[in-house]
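Numbers here are sequence positions counted from 1. Each ligand, and each atom within it, is numbered from 1 in the order the structure gives.
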Amino acid sequence: MSKRYAVVLAAGQGTRMKSKLYKVLHPVCGKPMVQHVVDQVKMLHIDEIVTIIGHGAELVKSQLGEQSSFALQAEQLGTAHAVMQAKEMLDRKDGVTIVVCGDTPLIKAETMEAIFKHHEETGAKATILTALADEPTGYGRIIRNEDGLVAKIVEHKDASDEERKINEINTGTYCFDNQALFAALSNVSNDNVQGEYYLPDVVEILKAQGEVVSAFQTAEFEETLGVNDRVALSEAERILKKRINEGHMRNGVTIIDPMNTYIGADVQIGQDTIVYPGTYLMGQTVIGADCEIGPNTEVQDCEIGNETIIRQSVAHDSQIGSNVNIGPFAHIRPKSNIHDEVKIGNFVEIKKSQFGKGSKASHLSYIGDAEVGQDVNIGCGTITVNYDGKNKFLTKIEDGTFIGCNSNLVAPVTIGRGAYVAAGSTITEDVPGEALSIARARQVNKENYVTKMNLKK
Ligand code: UD1
Ligand code: CA
């Protein structure tokens, strides 16, 4: 097999988005468009991926990191000019180069693989991925000769009324013989309505040289949707959401209302898990089997075991075990590790804490920077006082302890194994194991106080 290279075009500002965020960084189903494209490209056994960056270069670079090499297009003079920036990196290499736009987030690896195959089989110097669009406005049109072969591509803005009636469009994905591509690029002019160097003009140049240019038409127009404005962005969101949700349902996940369930492209969910409406599952979240998630729950970058229930709650960047019961209205903040069979009830906030197997915080608590052992019962309203205004400190709550309601545990502090803390205590010193600690003022009853003070009318 010949060597394969990829060029991802991601330097444009995306004026039509009317946004301070650069176009290719706009998320679709929680992931930036350019990341969707690169993730699919990565599945193709490519020898080198070069992303063309310009607007928001640093941000695109930090998004993609090691996954790509980068070439800077300092001024955005058009898509041909963009590809030219990869010349130093790819120019003399033998092989096939796929060019993809960073604003076509729905393109699938299998479609790119098909165009690669088609290109390799036909021995063409260029192969264009085309599609039939119901509404082709804005896209480049494929102009074919009488013999059915591609003659050229005309941009919407440059097209005649007659040409605008053509509904076969350029999807913006192409395969090129690498050397032929870079040779042809230097002949592209900017003599057009937009004054830009158009990559599709390479087609006409190669044709004039007597080379074979081929078109590969995909039946999936939806997959090639180019996002130029926020209307198209919402369209992409709708299509990808449907694709993702259907994928999970076919894998045995119940989604009660797929229209109102938002799952990121990389989320994994086990069989017989039920996802209720209004739920957002994002990032690198992995959910086990037989769980119940939602309604109205947000989970980002969490690993969740089996048979766990999370209702109307928020959980970020944490580990949550099996048979755990969370919510309603709980907040699991980053770096928490909730072990199996734990219960985190209503209005409980957990931050950067370990929560041992079988432990419970059922109501109204803040547990931050804590190590909670197994089988601990944290009474209603317990607070770890972890912050002195400057630094954060650790609270250790050992196995089998019972923390009475409305206690303050002023860190750093350790509650020893099996100890009891009386309700309403403010604990500032370590409590030995098996002890009962009472840290509050004694109750004083002033008999007949009201009568003496004449308070009663
Ligand atoms: C382009 C194609 C059009 C095709 C459509 C498919 C050209 C001239 N037109 O049009 O035929 O139907 O895609 O979606 O290629 N970019 C750069 N540098 C530049 C200009 C653009 O990196 O100087 C990048 C953009 O960031 C974007 C991609 O190239 O990711 C496409 O550019 P865009 O301006 O969106 O092209 P379209 O007008 O959509
Ligand atoms: Ca576009």
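In summary, of the residues considered (His119, Lys117, His118), a side chain to side chain donor-acceptor pair (under 3.5 Å) with Thr127 occurs for His119 alone.
For a threshold of 3.5 Å applied to N or O pairs, the pair formed by Leu9 and ligand 1 contains at least one separation below that value. Checked against a 3.5 angstrom limit, the closest N/O atoms of Asn170 and ligand 1 fall inside it. For ligand 1, the polar-atom distance check against Ala11 finds a nitrogen or oxygen pair separated by under 3.5 Å.
Under a 4.0 Å criterion applied to the non-hydrogen atoms of Glu155, ligand 1 contributes the atoms 2 (C), 3 (C), 7 (C), 8 (C), 9 (N), 10 (O), 11 (O). The distance from ligand 1 to the heavy atoms of Ala82 drops below 4.0 Å at these ligand atoms: 17 (C), 18 (N), 22 (O). Remark: ligand 1 atoms within the under-4.0 Å shell around heavy atoms of Gln76 are 19 (C), 23 (O). Listed by number with element, the atoms of ligand 1 under 4.0 angstrom from any heavy atom of Gly140 are 3 (C), 4 (C), 11 (O), 12 (O). Near Lys23, meaning under 4.0 Å from any of its heavy atoms, are these atoms of ligand 1: 35 (O). Taking every non-hydrogen atom of Asn228 and a distance limit under 4.0 Å, the qualifying atoms of ligand 1 come out as 35 (O), 39 (O). Each of the atoms 34 (O), 35 (O), 38 (O) of ligand 1 lies under 4.0 Å from some heavy atom of Arg16.
Side-chain polar atoms of Thr218 and Glu223 form no donor-acceptor pair below 3.5 angstrom. Side-chain contact, Thr130 with Glu168: a donor N or O sits under 3.5 Å from an acceptor N or O. Side-chain atoms of Gln67 and Gln35 include a donor-acceptor pair closer than 3.5 Å. Side chains of Asn296 and Tyr276: a donor-acceptor N/O pair is absent below 3.5 angstrom, by distance only. Side-chain atoms of Asp94 and Gln179 form a donor-acceptor pair, as typed in the model, at a separation below 3.5 Å. Between Gln76 and Gln13, the side chains place no donor N or O within less than 3.5 Å of an acceptor N or O (distance only, hydrogens not considered).
Here the closest heavy-atom approach between residue Lys3 and residue Asp47 is recorded as CA-OD2, 3.5 Å. Taking each heavy atom of Leu106 and Ala236 in turn, the nearest pair found is CD2-O, 3.8 Å.
Within a 4.0 Å radius of atom 36 (O) of ligand 1, the protein contributes no heavy atom. Taking a distance limit of 4.0 Å, we find that atom 1 (C) of ligand 1 is approached by no protein heavy atom.
Ring geometry, Phe221 versus Tyr139: the interplanar angle exceeds 60°, so the pair is classed perpendicular (tilted spans 30 to 60°).
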Report all side-chain donor-acceptor pairs from residues 169-176 shorter than 3.5 Å, counting only partners two or more places apart or in another chain.
residue : atom : partner : partner atom : Å
Asn170  : OD1  : Gly172  : N            : 2.9
Asn170  : ND2  : Tyr174  : OH           : 2.8
Thr171  : OG1  : Leu129  : O            : 2.6
Thr171  : OG1  : Thr173  : N            : 3.3

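Remark: among candidates Gly12, Cys101, Gly78, the nearest residue to atom 19 (C) of ligand 1 is Gly78, based on non-hydrogen atoms. Here atom 32 (O) of ligand 1 lies nearest to Thr79 when heavy atoms of Thr79, Val202, Thr171 are compared.
Tally of protein N, O or S atoms closer to the Ca ion (ligand 2) than 3.0 Å: 2.
Between Ile244 atom CD1 and Tyr262 atom OH the span is 12.5 Å, to the nearest 0.5 Å.
Sorted by first then second residue, the side chain to side chain donor-acceptor pair (under 3.5 Å) pairs that include residues 232-241, not counting sequence neighbours, are Glu235-Arg238.
Using a 4.0 Å heavy-atom cutoff, Leu77 is listed among the residues neighbouring ligand 1. Using a 4.0 Å cutoff on heavy atoms, Gln73 counts as a contact of ligand 1.
Counting heavy atoms under 4.0 Å from ligand 1, residue Ala80 does not touch it at all.
Every salt bridge (Lys or Arg N to Asp or Glu O under 4.0 Å) that Arg311 has, sequence neighbours left out, goes to Glu292.
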